[in-house]
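All remarks here apply to the structure that follows.
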Amino acid sequence: MKYLYTNIQLGDLLEVNGIIHWEQLGFSIKSVRSRQIQGEDSSGNFISLLPVENEAVLAEHIARVQLESSEFVRIVGDEEYETVKADILAVRQVREEAAALTPTDEDLYRASVLKLLTEIKMNGQGGTDNV
């Protein structure tokens, strides 16, 4: 299978008159829904990978797109798809693990209340009934 590999926002790349006509651009909506992946890679680029059903139709559309120097659009095979997908998933996993270790607003609120109650008790300003 072939895949669209790009760092361009999909709307900027695929919209025609404000609408993305998936089938007319060489995609199958079913395949896009089941096999697409988007996210940041290890270089910090936001990447989209979408399965392509009709490479010739998509290539014709892409040929008309003006790219800036930092933008890229390629059609790649399964091997490169799997490599890029693994990179995106690894970055996503690192971020999820970091987020799990970051205290939430609720955690911070509970800690501040506990600290305040402990200080009140230590200063003798409250009885044990208040803690």
Side-chain angles (χ1 to χ4, degrees):
M1 179 163 250
K2 297 293 185 174
Y3 298 87
L4 172 68
Y5 172 34
T6 184
N7 67 343
I8 301 173
Q9 291 292 325
L10 293 179
D12 295 341
L13 178 63
L14 302 175
E15 272 186 12
V16 177
N17 297 323
I19 300 171
I20 298 176
H21 298 280
W22 294 99
E23 281 91 4
Q24 293 175 10
L25 292 172
F27 297 99
S28 157
I29 291 176
K30 183 179 176 183
S31 293
V32 168
R33 286 184 179 158
S34 65
R35 298 204 42 142
Q36 65 87 22
I37 186 164
Q38 293 180 306
E40 282 192 27
D41 65 5
S42 56
S43 300
N45 296 312
F46 187 81
I47 300 297
S48 296
L49 287 165
L50 302 160
V52 176
E53 295 291 322
N54 189 331
E55 184 179 349
V57 170
L58 181 61
E60 182 181 320
H61 174 77
I62 290 172
R64 290 180 265 146
V65 175
Q66 296 273 337
L67 299 178
E68 294 186 22
S69 62
S70 62
E71 297 176 329
F72 66 86
V73 177
R74 295 198 323 257
I75 296 175
V76 299
D78 288 321
E79 187 175 325
E80 191 167 358
Y81 167 83
E82 291 299 331
T83 301
V84 175
K85 178 182 171 182
D87 187 30
I88 291 170
L89 294 176
V91 169
R92 190 176 292 167
Q93 181 178 356
V94 167
R95 288 199 173 144
E96 288 172 359
E97 289 171 359
L101 297 175
T102 303
T104 64
D105 288 341
E106 185 177 342
D107 294 334
L108 296 173
Y109 173 76
R110 287 181 179 184
S112 67
V113 168
L114 180 59
K115 180 181 176 191
L116 178 62
L117 292 174
T118 303
E119 289 173 358
I120 291 171
K121 185 174 181 180
M122 295 300 287
N123 290 332
Q125 295 176 358
T128 56
D129 294 336
N130 295 338
V131 179

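Residue indices begin at 1 and follow the sequence shown.
Listed by chain and residue number, Ser42 satisfy the side chain to side chain donor-acceptor pair (under 3.5 Å) test with Asp87 (two or more places apart in sequence, or in another chain). The side chain to side chain donor-acceptor pair (under 3.5 Å) test applied to Glu40 returns Arg95, not counting sequence neighbours. Under the rule for a side chain to side chain donor-acceptor pair (under 3.5 Å), Glu82 has no partner lying at least two apart in sequence or in another chain.
Checked by atom type and distance alone, the side chain of Thr6 pairs as donor or acceptor with a backbone atom of Ile8 at under 3.5 Å. Checked by atom type and distance alone, the side chain of Asn45 never pairs as donor or acceptor with a backbone atom of Ile47 at under 3.5 Å.
Among residues at least two apart or in separate chains, side chain to side chain donor-acceptor pair (under 3.5 Å) pairs with a member in residues 97-111 are Gln93-Glu97, Thr104-Asp107, Glu106-Arg110. Under the side chain to side chain donor-acceptor pair (under 3.5 Å) criterion, the residue pairs touching residues 25-36 are Tyr3-Arg35, Ser31-Glu53, with sequence neighbours excluded. The ring pair (Phe, Tyr, Trp, His ring centres under 6.0 Å) pairs that include a residue from residues 41-62 number zero, where partners must be two or more places apart or lie in different chains.
Applying side-chain contact (heavy atoms from CB on, under 4.5 Å) to Ile62 and the options Leu14, Leu25, Leu4, Val57 leaves one that passes, Leu4.
Cluster annotation: Leu10 and Val52 are assigned to the same hydrophobic cluster (Ile/Leu/Val/Met/Phe/Trp/Tyr, side-chain heavy-atom contacts under 4.5 Å, transitive).
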Compile the donor-acceptor pairs under 3.5 Å between side chains in residues 64-74 and protein atoms, sequence neighbours left out, one pair per line.
unit_1, atom_1, unit_2, atom_2, d
Arg64, NE, Glu60, O, 3.4
Glu71, OE1, Glu68, N, 2.8
Arg74, NH2, Glu80, OE2, 2.2

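Rounding to the nearest 0.5 Å gives a distance of 12.0 Å between CG of Asn54 and CD of Gln24.
Within a 6.0 Å sphere centred on CD of Gln9, other residues, nucleotides and ligands contribute 12 heavy atoms or fewer.
In this structure, Ile37 and Leu89 approach most closely via the heavy-atom pair CD1-CD2, 3.6 Å.
Alongside Leu114, the hydrophobic cluster contains no other residue (criterion: ILVMFWY side chains under 4.5 Å).
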